[in-house]
Amino acid sequence: MIDSHCHLDLAAFDDDIATVIRRSEHTGVSRFLIPGTTPSGWQRQRQLQQQYEHIDLAFGLHPYFDTSMQPDALSALTHCLQQHHQSIVAVGEIGLDATVSTPLKVQQDILAQQLELATEYQLPVILHHRKSHHLLQQALKQHNFSYGGIIHAFSGSQQVAESYIERGFLLGVGGTITYPRASKTRQALSAVALENMVLETDAPDMPVAGYQGQRNTPERLPLIAEALSTLLKTSQEQVVRQTTANYQRLFFG
Ligand SMILES: [Zn+2]
């Protein structure tokens, strides 16, 4: 199975990355997508890709990244994509987050420029959302963005899910669904076909139910596959087979 979103480049994994990858492989995780968040992160991601097998990369500026602290970050991304666009699978993690202090107007501007870059290199995007579905969909429409991607940590209604799917996006299914209180998202996913989903942990964040307060790792991905199979009333094997095929279709189709 594939962890389509894990931040293995972050300092939280510096001390034991080899162990984390080996243990994850033992639990059945055979491939990892590390999305980018900052210029220094892109360097670490490239190191990891050289050191380990089965690692896919995306480069981007996360909406949490404060570009006012590093005004040349966008030109660094432009340069990085020029050089490395053939060895990455997407632009991301990019998006809009209405709960952080960076003004939305600033975030929208940075998102717009990254959508342009993705279009230039014909790459899908990995989208971060938080109280921002409406604005994200507006941005995709404005740019007439047609390369699809993944809605990271999808949460929301069936209607929102379907509007992304119509635009060629897959829904990233993570630890959220292991919590009974996420009833709206669980309901939305149970109404959408498995053909539109990929699995993800968002390690080291988004702990799976029962592991709150601990560092999350890709080792926990089977718990998410299990929760999804229960929700969709299908086998875990089918969840793994289909989400793997979806990932391959999106990035290597
Ligand atoms: Zn993330």
Side-chain angles (χ1 to χ4, degrees), residues 1-14 17 20-21 24 29 31-46 48-49 55-67 73 77 80 88-102 107 110-111 114-115 117-118 123-133 135-136 139 148-156 164 169-179 182 185 197-208 211-212 214-221 223-224 243 247 250-251:
M1 94 195 73
I2 302 174
D3 190 345
S4 68
H5 198 113
C6 49
H7 294 282
L8 300 180
D9 59 312
L10 296 188
F13 294 108
D14 277 358
I17 182 68
V20 167
I21 288 179
S24 301
V29 183
R31 199 170 187 104
F32 310 84
L33 196 167
I34 311 178
T37 56
T38 64
S40 59
W42 309 332
Q43 273 182 5
R44 175 67 178 148
Q45 288 172 267
R46 283 178 37 76
L48 291 173
Q49 194 180 42
I55 287 188
D56 295 319
L57 302 182
F59 290 147
L61 292 169
H62 195 285
Y64 291 179
F65 178 71
D66 187 349
T67 40
L77 180 62
C80 189
I88 62 173
V89 297
V91 171
E93 170 176 358
I94 64 177
L96 300 172
D97 192 316
T99 70
V100 293
S101 60
T102 310
Q107 294 186 40
I110 296 162
L111 172 65
Q114 297 188 94
L115 286 174
L117 285 170
L123 285 168
V125 291
I126 295 170
L127 284 186
H128 173 106
H129 69 87
R130 208 156 170 202
K131 301 196 191 304
S132 58
H133 284 312
L135 294 174
L136 276 178
I150 295 175
I151 307 301
H152 160 50
F154 175 77
S155 66
Y164 283 120
F169 280 82
L170 299 174
L171 309 176
V173 178
T176 306
I177 63 154
T178 62
Y179 295 88
T185 300
M197 300 177 204
V198 285
L199 301 173
E200 59 167 61
T201 59
D202 200 24
D205 297 323
M206 277 184 60
V208 173
Y211 295 90
Q212 292 96 322
Q214 292 180 34
R215 178 185 68 168
N216 192 16
T217 93
E219 291 163 66
R220 309 260 158 78
L221 196 65
L223 298 174
I224 295 167
T243 53
Y247 182 98
L250 173 65
F251 293 129

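Whatever order the structure lists them in is the order used to number ligands and atoms, beginning at 1.
Here His7 meets the criterion, with an N, O or S atom under 2.8 Å of the Zn ion (ligand 1). Coordination check, Glu93 versus the Zn ion (ligand 1): passed, since an N/O/S atom of the residue sits under 2.8 Å. Put simply, His62 stays out of reach of the Zn ion (ligand 1), with no N, O or S atom under 2.8 Å from it.
Geometry at the Zn ion (ligand 1): OD1/Asp202 and NE2/His5 form an angle of 90°, nearest 10 degrees.
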Distance-only donor-acceptor hits, side chain of residues 171-179, under 3.5 Å, sequence neighbours excluded:
residue, atom, partner, partner atom, Å
Thr178, OG1, Gly175, O, 2.5
Thr178, OG1, Ala209, N, 2.9
Tyr179, OH, Pro207, O, 2.8

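Partners of Phe251 by ring pair (Phe, Tyr, Trp, His ring centres under 6.0 Å), not counting sequence neighbours, listed by chain and number: Tyr247.
No donor-acceptor distance shorter than 3.5 angstrom exists from the side chain of Glu93 to the backbone of His128, with no hydrogens or angles considered.
Looking only at side-chain heavy atoms (C-beta outward), Tyr64 and Asp97 come within less than 4.5 Å of each other.
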